[in-house]
Amino acid sequence: MTDFLSLAQARYSARGFEAREVEAEKIATILEAVRVAPSAVNKQPWFVWVVSSEEAKARLNGCSKYNFCAPITFVVGYRTEEAWTRRYDNHNHAEIDACIAATHLMLAAADLGLGTTWIGNFDPEALAQALPETAGYTILGYFPCGYPSADKGLPSERHLDRKALEEMSATL
């Protein structure tokens, strides 16, 4: 547990990246971490697109002002019809499952020495037009990824600000 806790504590949102390419093996490892993420009833309702071509990156850049010049971006989407729905209240778990997969993605990237940040502030309609490959999916967010730059890729000053344990948990 110490290794995981150290990784979870060290991971931060990188907002600037070196121009250096991300190695194919690292991309494959990240995708494998997403593939093995747990989901309700093992339905795995997510899909990941790796945006790496200059043309696709240019299309994606028009969907939000938050792009950070990353060499690659992972786009994570889900389909509610592929997810488990709780019978008591019909709560669909697709978004929860995709969030778990996205968290695996970010932690795997950090473990490989890469930085990411979760972009949730984007125009969904613009993204659907920019990346027609995502049709039929709800886009959870996208994740610029690469080697953090020394000037803009550092943790924010708020990175270590956390609630006290007593403020966010209780034993019953």
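Heavy atoms only, all atoms of each residue included: Cys69 and Phe17 are closest at O-CB, 4.1 Å. In this structure, Trp49 and Gly77 approach most closely via the heavy-atom pair CZ3-N, 3.7 Å. Heavy atoms only, all atoms of each residue included: Tyr78 and Ala98 are closest at CD2-CB, 3.8 Å. Arg20 approaches Pro71 most closely through the heavy-atom pair O-CG, 3.4 Å. The two residues Cys145 and Ala70 come nearest to each other via the heavy atoms N-CB, 3.5 Å. Between Gly141 and Trp118 the shortest heavy-atom distance is CA-NE1, 4.2 Å.
At least one donor-acceptor pair under 3.5 Å links the side chain of Arg11 to the backbone N or O of Thr116. Under the 3.5 Å distance criterion, the side-chain polar atoms of Asn67 are matched with a main-chain donor or acceptor of Asn61. With hydrogens and angles ignored, the 3.5 Å screen pairs no side-chain donor or acceptor of Thr134 with any backbone N or O of Tyr137. Looking only at distances, no side-chain donor or acceptor of Thr80 sits under 3.5 Å from a matching main-chain atom of Ala94. Between the side chain of Arg79 and the backbone N or O of Gly136, at least one donor-acceptor pair lies under 3.5 Å.
With a 6.0 Å radius and a threshold of 12 heavy atoms from other residues, nucleotides or ligands, Arg86 has its CZ atom above the threshold. Other residues, nucleotides and ligands place no more than 12 heavy atoms under 6.0 Å from the CD atom of Glu125.
To the nearest 0.5 Å, atom CD1 of residue Ile119 and atom NZ of residue Lys65 are 11.0 Å apart. Distance check, rounded to the nearest 0.5 Å: SG of Cys99 to CG of Leu140 gives 4.5 Å. Rounded to the nearest 0.5 Å, atoms CD1 (Ile27) and CD1 (Ile72) are 4.0 Å apart. Considering CG of Leu131 and CD1 of Ile139, their distance stands at 7.5 Å, rounded to 0.5 Å. Within the model, atoms OG1 of Thr85 and NE2 of His91 stand 8.5 Å from one another, a figure rounded to the nearest 0.5 Å. Note that the CD atom of Glu21 and the OG atom of Ser52 stand 8.5 Å from one another [nearest 0.5 Å].
A heavy-atom distance below 4.5 Å is found between the side chains of Pro144 and Thr117. In this structure, the side chains of Ser13 and Arg158 stay at 4.5 Å or more apart for every pair of heavy atoms. Taking the side chain as every heavy atom from C-beta outward, Asp97 and Trp84 never approach each other to under 4.5 Å. Side-chain contact check for Pro38 versus His104: some heavy-atom pair is nearer than 4.5 Å. Residues Gln44 and Ser39 have side chains in contact (heavy-atom distance under 4.5 Å, counting atoms from C-beta outward). Put simply, the side chain of Phe143 reaches to within 4.5 Å of the side chain of Leu105, judged on heavy atoms. Two residues are said to be in side-chain contact when any heavy atoms from C-beta on lie closer than 4.5 Å; Phe74 and Val34 fail this criterion. Using a 4.5 Å heavy-atom cutoff, the side chains of Tyr147 and Leu114 are in contact.
A tilted orientation is assigned to the rings of Tyr142 and Phe122, their planes being inclined by 30° to 60°. Between Tyr66 and Phe68, the angle of the ring planes lies from 30° to 60°, which puts this pair in the tilted group.
In the hydrophobic cluster analysis, where Ile, Leu, Val, Met, Phe, Trp and Tyr join through side-chain heavy atoms closer than 4.5 angstrom, Phe47 is grouped apart from Val76. No chain of hydrophobic side-chain contacts below 4.5 Å, direct or via other Ile, Leu, Val, Met, Phe, Trp or Tyr residues, connects Leu60 to Val50. Note on Ile100: it does not cluster hydrophobically with Val48, by side-chain heavy-atom contacts below 4.5 Å among ILVMFWY residues.
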- Begin from the C-alpha positions of Thr138 and Glu95 and carry the test side-chain contact (heavy atoms from CB on, under 4.5 Å) through to its verdict. CA-CA 9 Å; Thr138 300; Glu95 186 172 33; over 6 Å; no
- Task: List the steps, then state whether side-chain contact (heavy atoms from CB on, under 4.5 Å) holds for Val36 with Glu32.
- Result: CA-CA 6 Å; Val36 301; Glu32 179 63 13; 3.5 Å; yes
- Message: I'd like to know whether Val75 forms a side-chain contact (heavy atoms from CB on, under 4.5 Å) with Glu133, so could you lay out the CA-CA distance, the side-chain angles of the two residues, the decisive distance to 0.1 Å, and finally the verdict.
- Response: CA-CA 11 Å; Val75 177; Glu133 301 85 353; over 6 Å; no
